[in-house]
Amino acid sequence: MSSTESPSVPAASVLPRVAPVRVGEGERLRSVGLPGVTLTVRSRPPAREDLPPALYVHGLGGSSQNWSSLMAELDGVVDGEALDLPGFGDSPPPDDGDYSVTGHARAVIRYLDAAGRGPVHLFGNSLGGAVATRVAAVRPDLVRTLTLVSPALPELRVQRSAVPTALLGVPGIAALFTRLTRQWTAEQRVRGVMALCYGDPGRVSPEAFRYAVEELERRQRLPYFWDAMTRSARGIVSAYTLGGQHGLWRQAERVLAPTLLIYGGRDQLVGFRMARKAARAFRDSRLLSLPDAGHVAMMEYPGVVAGAVRELLTQTAGAGEAGRPAVTDTRS
């Protein structure tokens, strides 16, 4: 594994020059070269050397920045790193163009194998939740605990508000959408995304909104921006249709790691009604229901989510391998 560190790491040199990625206070970025893929990794210097490792995986259209608030909340609890999945954030596209859930999971596994940090406390949101589920199912040796925030697991009845996102995976739709929205400003696009992803967009500070606009403007200059989005959306849809041992619900049942499930009552992309099904599917699960949260609870309520994670880590440290806590439902 090759690795270089700098305050901000550009994408591959063959890509056009764009503005640097924002690095929050106390954070650092590094670029990691792996077979077939180069990943940007965001981290915070650990508060002490003996902290257990953690890895955070973002959702569709997101980046490692989505975890910055939660990483700060868990400073001193875990030694956290957040990935930019291939084609997102500051990571260039994968060499093979594979944006499937399996392809993203393969990138995460390659990183964990190369870094030698496993088993880790693994976190996933949305698409990242599906990816993390697959990683935990096929490589249990790499996952100590699993925390899923609104994971993109198959639903029989998809919410109407989630349909436009799913349609991005249909050939030709992305190009049509791009033409129809050519006149939209970055501010308009960000407001639309926040209205879709947040239970209460009013919780977003002016500073955070400005950073989001700057990041979208940067990423729209990348020639692969829409390709990564559409192929990853197509990958989610394809994963929903898989049956047998490769089906995500079947893989959820295979997960051995203690699992914390977090669902938002105002989530417009992942149905809140799926929370109970997920709690039954994962054999060692705890359920945190946040009635006022949307799709990105770790960004809206990082303190509450961090408290649930601390409880998970305390429970699992005390229970050991033999402990199998019952499903609980914590409401806030």
Exercise for the section: Determine the minimum heavy-atom distance between Pro201 and Ala195, stating which atoms define it. Expected result: CG-CA, 3.8 Å
Exercise for the section: Taking Glu253 for its side chain and Arg283 for its backbone only, find out whether a donor-acceptor pair lies under 3.5 Å. Expected result: no
Exercise for the section: Measure from the side-chain N and O atoms of Ser91 to the backbone N and O of Pro86, and report whether any donor-acceptor pair falls under 3.5 Å. Expected result: no
Problem - Pair Glu215-Tyr211, side-chain donor/acceptor within less than 3.5 Å - result: no
Exercise for the section: Check the side chains of Ser126 and His295 for a donor-acceptor pair under 3.5 angstrom, ignoring hydrogens and angles. Expected result: yes
Problem - Side-chain heavy atoms of His121 within contact of Thr147, under 4.5 Å - result: no
Exercise for the section: State, yes or no, whether a side-chain contact exists between Val255 and Pro140 at a heavy-atom distance under 4.5 Å. Expected result: no
Problem - Pair Thr259, Arg286: side-chain N/O donor-acceptor within cut-off below 3.5 Å - result: no
Practice task
Flag the pair Leu146 / Leu260 as yes when at least one side-chain heavy-atom distance between them is below 4.5 Å, and no otherwise.
Solution key: no
All N/O donor-acceptor pairs, side-chain side in residues 68-77, below 3.5 Å, sequence neighbours left out:
unit_1	atom_1	unit_2	atom_2	d
Ser68	OG	Glu27	OE2	2.6
Ser68	OG	Gln65	O	3.4

Problem - Taking every non-hydrogen atom, the tightest pair across Leu60 and Ala233 - result: CD1-N, 3.9 Å
Practice task
Can you see which heavy atom on Ala107 is nearest to which on Leu34, and at what distance?
Solution key: O-CD1, 4.4 Å
Practice task
Examine distances only and state if a side-chain atom of Ser232 and a backbone atom of Ala228 form a donor-acceptor pair shorter than 3.5 Å.
Solution key: yes
Handout entry: Partners passing salt bridge (Lys or Arg N to Asp or Glu O under 4.0 Å) against Arg266 (at least two apart in sequence or in another chain)
Key = Asp292
Handout entry: Pairs flagged by ring-ring contact (aromatic ring centres under 6.0 Å, His included) wherever residues 30-49 is involved - sequence neighbours left out
Key = none
Practice task
Treating Ile, Leu, Val, Met, Phe, Trp and Tyr as nodes and any side-chain heavy-atom pair under 4.5 angstrom as an edge, say whether Leu51 and Val78 lie in one connected cluster.
Solution key: no
Handout entry: Exercise: identify the closest heavy-atom pair between Arg30 and Ser43
Key = NH1-OG, 4.1 Å
Handout entry: Donor-acceptor pair, side chain of Arg231 and main chain of Gly97, under 3.5 angstrom
Key = yes
Problem - Min side-chain heavy-atom separation Thr145-Val120 under 4.5 Å - result: no
Handout entry: Main-chain N/O of Pro35 paired to Arg110 side chain as donor or acceptor, under 3.5 Å
Key = yes
Handout entry: Ile236 with Trp226, same ILVMFWY side-chain cluster at under 4.5 Å
Key = yes
Problem - Residues forming a side-chain hydrogen bond (donor to acceptor under 3.5 Å, both in side chains) with Arg310, sequence neighbours excluded - result: none
Handout entry: Same apolar cluster (I L V M F W Y, side chains within < 4.5 Å links), Val108/Tyr99
Key = no
Practice task
Please determine if Arg219 forms a cation-pi arrangement with Phe225, meaning its NZ or CZ atom is less than 6.0 Å from the six-membered ring centre and no more than 45° off the ring axis.
Solution key: no
Completion exercise
Residue set satisfying salt bridge (Lys or Arg N to Asp or Glu O under 4.0 Å) with Arg117, at least two apart, ordered chain then number -> Asp79, Glu81
Problem - Sidechain-backbone polar pair: Tyr263 side chain, Val149 backbone, donor-acceptor under 3.5 Å - result: no
Exercise for the section: Measure the shortest side-chain to side-chain distance between Ser64 and Asp84 over non-hydrogen atoms and say whether it is less than 4.5 angstrom. Expected result: yes
Practice task
For the pair Arg44 (side chain) and Glu25 (backbone), establish whether a donor and an acceptor sit closer than 3.5 Å, ignoring hydrogens and angles.
Solution key: yes
Practice task
Would you list the pairs meeting ring-ring contact (aromatic ring centres under 6.0 Å, His included) in which at least one residue belongs to residues 20-71, sequence neighbours left out?
Solution key: Tyr56-Trp67, Tyr56-Phe123, His58-Phe88
Exercise for the section: Output yes when a side-chain donor or acceptor of Glu155 lies under 3.5 Å from a complementary backbone atom of Gly271, and no otherwise. Expected result: yes
Exercise for the section: Determine the minimum heavy-atom distance between Ala152 and Leu127, stating which atoms define it. Expected result: CB-N, 3.9 Å
Exercise for the section: Please answer: with hydrophobic residues joined when any side-chain heavy atoms are less than 4.5 Å apart, are Tyr198 and Val193 in the same cluster? Expected result: no
Handout entry: Residue pair Val41 / Leu29, side-chain heavy-atom distance below 4.5 Å
Key = no
Problem - Pro154 backbone acceptor or donor facing Trp249 side chain under 3.5 Å - result: yes
Problem - Pairwise side-chain contact, Arg139 with Asp113, heavy-atom cut-off 4.5 Å (strictly under) - result: yes
Practice task
Run the numbers on Val57 and Asn125 for side chain to side chain contact (heavy atoms under 4.5 Å, CB included), then give the verdict.
Solution key: CA-CA 7 Å; Val57 186; Asn125 168 235; over 6 Å; no
Practice task
Report yes if the side chains of Thr316 and Leu312 come closer than 4.5 Å at any heavy-atom pair, otherwise no.
Solution key: yes
Practice task
Examine distances only and state if a side-chain atom of Thr40 and a backbone atom of Ser31 form a donor-acceptor pair shorter than 3.5 Å.
Solution key: no
Exercise for the section: Please step through side chain to side chain contact (heavy atoms under 4.5 Å, CB included) for the pair Thr133 and Val135, ending with a clear verdict. Expected result: CA-CA 5 Å; Thr133 297; Val135 172; over 6 Å; no
Problem - Candidate pair Arg106 and Asp98, rule side chain to side chain contact (heavy atoms under 4.5 Å, CB included), full reasoning - result: CA-CA 10 Å; Arg106 188 180 300 118; Asp98 185 356; 3.3 Å; yes
